[in-house]
Amino acid sequence: MPEHIELNPASHITVGTVGEPGNRTFYLQGSQGREVVSLVIEKNQAAMIAEAIEGLIEDIAKDHPNIVGSLAEADLLTVDVRFRTPEFALFRVGNLGLGFNEEVSRIIVVAYELVEEEVEAGMVSFWGTIDQMRALIKQARSMVKAGRPICGNCGEPISKEGHFCPRRNGHNH
């Protein structure tokens, strides 16, 4: 039977990596009390989480400015985004969803397991405060940017060994 876990509220929620740039595994991780849940995500999913949450916070701010407050009011230094090296990953994420619960002023990130067709997917929901989600945005962007530099000509990553750029007429750089 697939896992269905709800971290409501999450003590911490973060994005982290294990491995060297070019060979990293990205994780979405959260906890509630002593329970830590780590899920494998793709680098582009980490970037997408940051963008989607930022857009959702902007939408919430329009409708509920008293809930969101200003970024200056947010004390992101007190939000726990420490990544705990996982012993195992519960599953690899296929799809992600976002929501907002007005009653408790929490954003919900829902991660669904990547599965083959007609197989029920596991699911984990991370319920976080606006400040936790702002800190998650910052952390996710930091993890994405910490990778290999990008070639300005072709947009592909440059490895330690160098880079063959098809747009430089066969010249390495």
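FYI, the numbering just counts along the sequence from 1.
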*Sorted by first residue and then second, give each ring pair (Phe, Tyr, Trp, His ring centres under 6.0 Å) pair with at least one member in residues 30-52; sequence neighbours left out.*
none
_Contact list for residues 36-50, test salt bridge (Lys or Arg N to Asp or Glu O under 4.0 Å), sequence neighbours left out_ = Glu42-Arg92
*asked:* Side-chain heavy atoms nearer than 4.5 Å, only ILVMFWY residues, links allowed to pass through others: does that put Leu7 and Met123 together?
replied: no
_For Ala10, is there any backbone N or O sitting under 3.5 Å from a side-chain donor or acceptor partner on Gln132?_
yes
*Residues two or more places apart in sequence or in another chain: which of them pass side chain to side chain contact (heavy atoms under 4.5 Å, CB included) with Ala140?*
Val15, Ala50
*Starting at CG of Asp80, measure out to CD of Gln139 and round the result to the nearest 0.5 Å.*
10.0 Å
*Can you find a heavy atom in the side chain of Ile41 that is under 4.5 Å from one in the side chain of Ile49?*
yes
_Pairs satisfying ring pair (Phe, Tyr, Trp, His ring centres under 6.0 Å), at least one member in residues 34-56, at least two apart_ = none
*Under the ring pair (Phe, Tyr, Trp, His ring centres under 6.0 Å) rule, what pairs show up with a residue in residues 28-50, not counting sequence neighbours?*
none
*Identify the heavy atoms of Ser125 and Glu6 that sit nearest to each other, and give their distance.*
OG-CG, 3.2 Å
*So which pairs with a foot in residues 51-62 pass side-chain hydrogen bond (donor to acceptor under 3.5 Å, both in side chains), sequence neighbours left out?*
Glu51-Arg141, Glu54-Arg141
*Side-chain heavy atoms of Leu136 within contact of Phe126, under 4.5 Å*: no
Which donor-acceptor pairs under 3.5 Å do the side chains of residues 29-39 make with protein atoms, sequence neighbours left out?
{"from": "Gln29", "atom 1": "OE1", "to": "His12", "atom 2": "NE2", "distance (Å)": "3.4"}
{"from": "Gln29", "atom 1": "OE1", "to": "Arg84", "atom 2": "N", "distance (Å)": "2.9"}
{"from": "Gln29", "atom 1": "NE2", "to": "Ser38", "atom 2": "OG", "distance (Å)": "2.9"}
{"from": "Gln29", "atom 1": "NE2", "to": "Arg84", "atom 2": "O", "distance (Å)": "2.6"}
{"from": "Ser31", "atom 1": "OG", "to": "His12", "atom 2": "ND1", "distance (Å)": "2.7"}
{"from": "Gln32", "atom 1": "NE2", "to": "Asn8", "atom 2": "O", "distance (Å)": "2.9"}
{"from": "Gln32", "atom 1": "NE2", "to": "Pro9", "atom 2": "O", "distance (Å)": "3.3"}

With a 3.5 Å cut-off and sequence neighbours excluded, list the donor-acceptor pairs that the side chains of residues 93-116 form with protein atoms.
{"from": "Asn101", "atom 1": "OD1", "to": "Glu103", "atom 2": "N", "distance (Å)": "2.9"}
{"from": "Asn101", "atom 1": "OD1", "to": "Val104", "atom 2": "N", "distance (Å)": "3.2"}
{"from": "Glu113", "atom 1": "OE1", "to": "Gly122", "atom 2": "N", "distance (Å)": "2.9"}

_side-chain hydrogen bond (donor to acceptor under 3.5 Å, both in side chains): pairs with one or both residues in residues 14-27, sequence neighbours excluded_ = none
_Would you compute the distance between atom OG1 of Thr129 and atom CZ of Arg134 and round it to the nearest 0.5 angstrom?_
9.5 Å
*Begin with the C-alpha distance, continue with both residues' side-chain angles, and end with the deciding distance and a verdict on side chain to side chain contact (heavy atoms under 4.5 Å, CB included) for Leu28 and Val124.*
CA-CA 10 Å; Leu28 174 62; Val124 177; over 6 Å; no
